[in-house]
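Structure record follows, encoded as structure tokens.
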Amino acid sequence: MKIESLDLSDEIKRFYENSGILELYPPQAKAVEKGLLEGKNLLAAIPTASGKTLLAELAMLKSVLAGGKALYIVPLRALASEKFRRFQEFSGLGIRVGISTGDYDKRDEGLGINDIIVATSEKTDSLLRNETAWMQEISVVVADEVHLIDSPDRGPTLEVTLAKLRRMNPSCQILALSATVGNADELAAWLDAELVLSEWRPTDLMEGVFYNGTFYCRDKEKPVEQPTKDEAINLVLDTIKEGGQSLVFESSRKNCMGFAKKAVSAVKKTLSKEDREALAGIADEILENSETDISSVLANCVRAGTAFHHAGLTTPLRELVEDGFRNGKIKLISSTPTLAAGLNLPARRVVIRSYRRYSSEMGMQPIPVLEYKQMAGRAGRPRLDPYGEAVLLAKSYEELVFLFEKYIEAGAEDIWSKLGTENALRTHVLSTISNGFARTKEELMDFLEATFFAFQYSNFGLSAVVDECLNFLRQEGMLEKDPDILVSTVLGKLVSRLYIDPLSAALIAKGLREAGTLTELTLLHLICSTPDMRLMYMRSQDYQEVNDYVMAHAGEFSRIPDPFNIAEYEWFLGEVKTSLLLMDWIHEKPENEICLKFGIGEGDIHSTADIAEWIMHVAAQLAGLLGLKGAKEATELEKRIRYGAAPELMDLLDIRSVGRVRARKLYEAGFKTTAELAAASPEQIAALVGPKIAERIFKQIGRKGTAPESTTTEPLEKGSPEGQRTISDF
DNA sequence: CAGGATTCGGTATAGACAGCATGTC
DNA sequence: CTATACCGAATCCTG
């Protein structure tokens, strides 16, 4: 099917033809035949890289140019910015594109001027909770990676959000994009959607198993040279020899880094002079970006054309690795499943070095077929590689047979809604009521009838769980007591808007109410005892230290569980360990030291601090609303967690381009406030932080200084929360 | 006796969304 | 509670 023949405006057709797209891929053509451009709901369950994005674009452009508004829902922030950048290419067509995620946000209402908006599923939910007006104008919703409905922690949000959007805009077109799953027909039926099911790929994919020096595919086998003792390295070298790159999936970070290191000497030999120079440049950028031990290991790997990629790396480092791979310099990325879903980063050959992964409940377990397909699907760059190869490794003939049956010949699993537990429902029940989607139990059940859970299981089973949720929410004062109607209280509305688990909010409120003195530790641990926090695991070497710390600070914890209750106490120690990490962070311990002490990466520090900052914000808000102690303390801690700094630096941190390190330098040199800084000579400051930064600093405080106002020591906003405190009665 | 191979025991185990208001080194 | 791979240390083997 030709682009030219589509029912689209000429400018759209020209846009695609100019970029070299003249003809649709077969699955895309099928989607058009099934009504993609006529506003029909559609579920496309087709492989990665077979043109899902184009489908979404066509539907969105068609609708937007007819005066509509499109919402593109993604599961990852990184994916949101990838799509955002792509859609910005439509600006020539007069189309405005916006992005909304937790870390990057054009203000809600301002977002509404855009024609296409990219958002994560949680952010979409949050926008709904905040009753963002423009959401009613949405005419197309694209739900990317919709198979994530199966995910226990994030699936419920996605399905409830889709149900809300459909309830709000019944005429809105839904385009759901999914990996191939077992029960795509069921998912399509739930969405009242036509189903496009296809295994077609633009680049051939050969899936097979490597065993005993040979790569076995379905219908052919090919020997691979064995210059080294490591089979995976030999596969990598073989790919390089053919001019391709490899992506190696590992099941742990340690292995992931280990393999990149191990491959260094072999891969290095294959590099050209230009490659070496380009790689040295990337390595230097890595070192400029981060000074931890891990980043110097990464830099050394990159110099040799290998790299590793996992969530312990900060975002800039990950991006450097991804870009280096995309432009062909890095020959091998050894990765945890970070790269399996999401980002578009294909390679000639994918090697799955371990198909088993540890889970605390089940021990080592084979990964799901769906996940295997996602990794294998990364093989083969469209238009660049003649074919792609996905390789599993077997140590025995039996294993080879097993792998063929289990993964290569097998279809993906069915997906199942995970909405049916109190943990999943609690927050959505509250937000549904808070938003006025339901004012009675019947209306609530009626709304839930529209979820995938009800479609799969009937919502009969939901009723009892919903009652549990309602009881909980009433008991915690988030819903009015009246049993006949469902109305959220002021507290309930706040909890819904702050996007926190009502259980977390309840725990925080209880902790603040019952606390004696509120120390840093008390508040941090309170945050860490919340289900929204992500905890660190205890390693055996941690027990001693963490336990000693608990003993020494016993009075500062709101509650210490009985050590003989092993499971509960173990959990508690994990909370304390995470609190200790945050303590180190807000006392300005250097990042590398924290990494070494806790055995984590820089990326983990930031993500932990990020969550903690959010929950601390919630604590401050709750304390304010409920008139509990701790509002001031929590607000300060929120800021300290954001910057990772001690209290005495708070004033200096208000200056842009001054973070924990520079603020400390200035402070130690005797410039303890912005006022003292304003009185200093530019030379003094330049000696401390460099002339460029010094100039920036003076530009900011200088401006304040020249303002006719006064010479008070607080030229910058230090908002006192007094007066805006509302005491709710309950 | 040195150096490499082998075995044994201890140990650790993927990822990532959200509020709010603007810019770390 | 279920497994496995890796690491380092101790031990064994070989030239």
Side-chain angles (χ1 to χ4, degrees), chain A residues 74-80 100-105 107-108 119-127 129-130 148 151 153-155 157-158 249-256 258-259 262 288-291 309-312 314 316 335-342 353-354 356-367 371 427 494-495 497-501 504 532 534 537-542 590-591 599 603-604 606-608 610-611 613-621 635 638-639 642-645 653-665 689-690 693 696 700 717 719:
Chain A
V74 291
L76 303 172
R77 295 178 195 168
L79 213 50
S100 185
T101 67
D103 57 358
Y104 182 75
D105 198 355
R107 287 300 300 150
D108 299 357
T120 53
S121 40
E122 284 75 10
K123 189 65 187 191
T124 305
D125 190 18
S126 167
L127 291 167
R129 291 179 183 208
N130 287 289
L148 285 174
S151 149
D153 45 335
R154 302 185 57 201
T157 307
L158 181 55
F249 285 108
E250 293 281 0
S251 58
S252 78
R253 291 180 182 185
K254 201 173 66 176
N255 293 351
C256 164
F259 185 72
K262 203 169 165 191
E288 268 169 41
N289 234 291
S290 155
E291 288 172 345
H309 190 288
H310 59 64
T314 54
S335 164
T336 56
T338 6
L339 286 181
R353 253 188 110 214
S354 171
R356 278 184 277 247
R357 190 164 51 240
Y358 181 83
S359 90
S360 48
E361 302 96 42
M362 319 274 286
M364 277 297 195
Q365 259 208 319
I367 56 170
E371 214 173 293
T427 187
L494 179 68
V495 169
R497 273 194 297 109
L498 291 175
Y499 210 81
I500 191 124
D501 183 339
S504 296
D532 281 297
R534 206 177 76 226
Y537 341 73
M538 294 292 288
R539 297 173 301 180
S540 51
Q541 67 201 56
D542 298 328
E591 285 170 316
D604 301 303
H606 294 146
S607 65
T608 306
D610 196 44
I611 304 168
E613 188 194 336
W614 163 50
I615 305 176
M616 195 59 85
H617 175 76
V618 171
Q621 298 283 307
T635 304
E638 182 191 347
K639 187 170 173 188
R642 169 156 65 246
Y643 291 104
L653 287 170
D654 283 328
I655 306 168
R656 268 173 301 155
S657 70
V658 174
R660 65 191 315 231
V661 176
R662 285 172 187 154
R664 177 52 64 188
K665 261 191 203 165
V689 295
I693 302 292
R696 257 189 265 173
Q700 290 174 63
E717 185 66 29

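We name chains A, B, ... by the order of the sequence lines, and we start the count at 1 in each one. Keep in mind that this is a model prediction, so the values were computed, not measured.
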Tell which nucleotide pairs with [N], taking only Watson-Crick or G-U wobble pairs whose two distances are both under 3.5 angstrom.
{"N": "B:dA12", "value": "C:dT4"}
{"N": "B:dC17", "value": "none"}
{"N": "C:dT11", "value": "B:dA5"}

*Taking the side chain as C-beta and beyond, is there a heavy-atom pair between A:Val618 and A:Tyr499 under 4.5 Å?*
no
*Is any side-chain heavy atom of A:His617 less than 4.5 Å from a side-chain heavy atom of A:Ile500?*
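The answer is no; the side chains never approach within 4.5 Å.
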Whole-Å distance between [N] [atom2] and [X] [atom1]?
{"X": "A:Asp103", "N": "B:dT24", "atom1": "CG", "atom2": "C1'", "result": "15 Å"}
{"X": "A:Lys123", "N": "B:dG19", "atom1": "NZ", "atom2": "P", "result": "4 Å"}
{"X": "A:Lys665", "N": "B:dC25", "atom1": "NZ", "atom2": "P", "result": "9 Å"}
{"X": "A:His617", "N": "B:dA21", "atom1": "NE2", "atom2": "P", "result": "7 Å"}
{"X": "A:Leu158", "N": "B:dC17", "atom1": "CG", "atom2": "C1'", "result": "12 Å"}

*Which one of A:Lys254, A:Arg253, A:Glu250 satisfies the side chain to side chain contact (heavy atoms under 4.5 Å, CB included) criterion with A:His310?*
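Single pass found, and it is A:Arg253.
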*Given the C1' atoms of C:dT4 and B:dC17, what is the spacing between them in whole Å?*
31 Å
*Could you work out the separation of C:dC7 and B:dA14 based on their P atoms and round it to a whole Å?*
15 Å
Can you tell me if the side-chain N/O atoms of [X] get under 4.0 Å from OP1 or OP2 in [N]?
{"X": "A:Tyr499", "N": "B:dC17", "value": "no"}
{"X": "A:Ser126", "N": "B:dG19", "value": "yes"}
{"X": "A:Thr120", "N": "B:dA18", "value": "yes"}

*CG of A:Leu498 to CD1 of A:Ile615: how many Å apart, nearest 0.5 Å?*
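One gets 11.5 Å once the value is rounded to the nearest 0.5 Å.
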*Rounded to the nearest 0.5 Å, how far apart are CD of A:Gln365 and OG of A:Ser251?*
13.0 Å
*A:Glu291 atom CD, over 12 foreign heavy atoms within 6.0 Å*: no
*Evaluate the side chain to side chain contact (heavy atoms under 4.5 Å, CB included) criterion for residues A:Glu591 and A:His606: first the C-alpha distance (whole Å), next the side-chain angles of each, then the deciding distance (0.1 Å), finally the verdict.*
CA-CA 10 Å; A:Glu591 285 170 316; A:His606 294 146; 2.8 Å; yes
Base, sugar-phosphate, or nothing for [X], non-hydrogen atoms under 4.0 angstrom?
{"X": "A:Glu613", "answer": "base"}
{"X": "A:Val618", "answer": "nothing"}
{"X": "A:Asp125", "answer": "nothing"}

_Tell me if a side-chain donor or acceptor on A:Arg660 pairs with a main-chain N or O of A:Gly644 at a distance below 3.5 Å._
yes
*asked:* Please check: side-chain N/O of A:Asp532 versus main-chain N/O of A:Asp501, any donor-acceptor pairing under 3.5 Å?
replied: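 Checked: pair present.
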*Relative to the 5' end of DNA chain B, which residue comes earlier, A:Tyr643 or A:Trp614, by the nucleotide with the nearest heavy atom?*
A:Trp614
Distances under 3.5 Å only, N/O to N/O: pair up the protein atoms with those of nucleotides 12-16 of chain B.
| unit_1 | atom_1 | unit_2 | atom_2 | d |
| --- | --- | --- | --- | --- |
| B:dA12 | OP1 | A:Gln541 | OE1 | 3.1 |
| B:dA12 | OP2 | A:Ser540 | N | 3.4 |
| B:dA12 | OP2 | A:Ser540 | OG | 3.2 |
| B:dA14 | OP1 | A:Arg253 | N | 3.2 |
| B:dA14 | OP2 | A:Tyr537 | OH | 3.4 |
| B:dA14 | N1 | A:Arg357 | NH2 | 3.4 |
| B:dG15 | OP1 | A:Ala311 | N | 2.7 |
| B:dG15 | OP1 | A:Thr336 | OG1 | 3.1 |
| B:dG15 | OP2 | A:Arg253 | NE | 2.9 |
| B:dG15 | OP2 | A:Arg253 | NH2 | 2.9 |
| B:dA16 | N7 | A:Arg534 | NH1 | 3.2 |
| B:dA16 | N6 | A:Arg534 | NE | 2.9 |

*First and last nucleotide of DNA chain C touching chain A, 5' to 3', heavy-atom cut-off 4.0 Å?*
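For DNA chain C, the relevant span reads C:dT2 to C:dC6.
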*Ion pair check, A:Asp125 and A:Arg154, cut-off under 4.0 Å*: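 No.
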